[in-house]
> 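Dumping the structure here so I can ask a few things about it.
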Amino acid sequence: MSASAMNTSVRNNLNLLSKRDRLKNRLGGFNREEKTEYNLPKATTKQLNQIRKRLKEERKVRMLKVIALTVILFMGLVYVFLQSAKGITELLTY
């Protein structure tokens, strides 16, 4: 491939690209110069401790659910494996 063919290929590929700004016409828009300002309410130490305890409890419950589901699925897979192994051994012994 010669250099001129390569340059032509690159130019043609660039012409296929979209010329418009992808984020320009979206609802809500996006302005790089404008800084996002958050109006968060002030929280007391007591409220923060309550939130922390609630999040820890939710995390603990979620982890228990994940562990229980994993154990149930693992036991199911072991059962299926043992049943299929039993069936295979029966087929091989005939």
> Do Arg59 and Met63 make a side-chain contact, defined as non-hydrogen atoms from C-beta onward lying under 4.5 Å apart?
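A side-chain contact is absent here, since even the closest heavy-atom pair is not under 4.5 Å.
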> Which value, rounded to the nearest 0.5 Å, describes the distance between Leu77 atom CG and Ile72 atom CD1?
12.0 Å
> If Ile, Leu, Val, Met, Phe, Trp and Tyr residues are connected whenever their side-chain heavy atoms lie under 4.5 Å apart, and connections chain through other members, are Phe74 and Leu82 in the same group?
yes
> Using modelled atom types and a 3.5 Å cut-off, is there a donor and acceptor pairing between side-chain atoms of Ser84 and backbone atoms of Val80?
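Judged by distance alone, yes, a pair lies under 3.5 Å.
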> Taking all atoms of both residues into account, what is the closest heavy-atom pair of Gln47 and Lys42, and its distance?
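Of all heavy-atom pairs spanning Gln47 and Lys42, the closest is OE1-O, 4.1 Å.
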> Do Thr45 and Asn49 have side-chain heavy atoms sitting under 4.5 Å apart?
yes
> Side chain to side chain contact (heavy atoms under 4.5 Å, CB included) with Thr70: which of Val66, Ile67, Leu73?
Val66
> How many angstroms lie between atom CD1 of Ile51 and atom NZ of Lys56, to the nearest 0.5 angstrom?
13.5 Å
> Going hydrophobic residue to hydrophobic residue with side-chain gaps under 4.5 angstrom, can you get from Leu64 over to Met75?
no
> Without swapping roles, check the side chain of Glu57 against the backbone of Arg54 for a donor-acceptor pair under 3.5 Å.
no
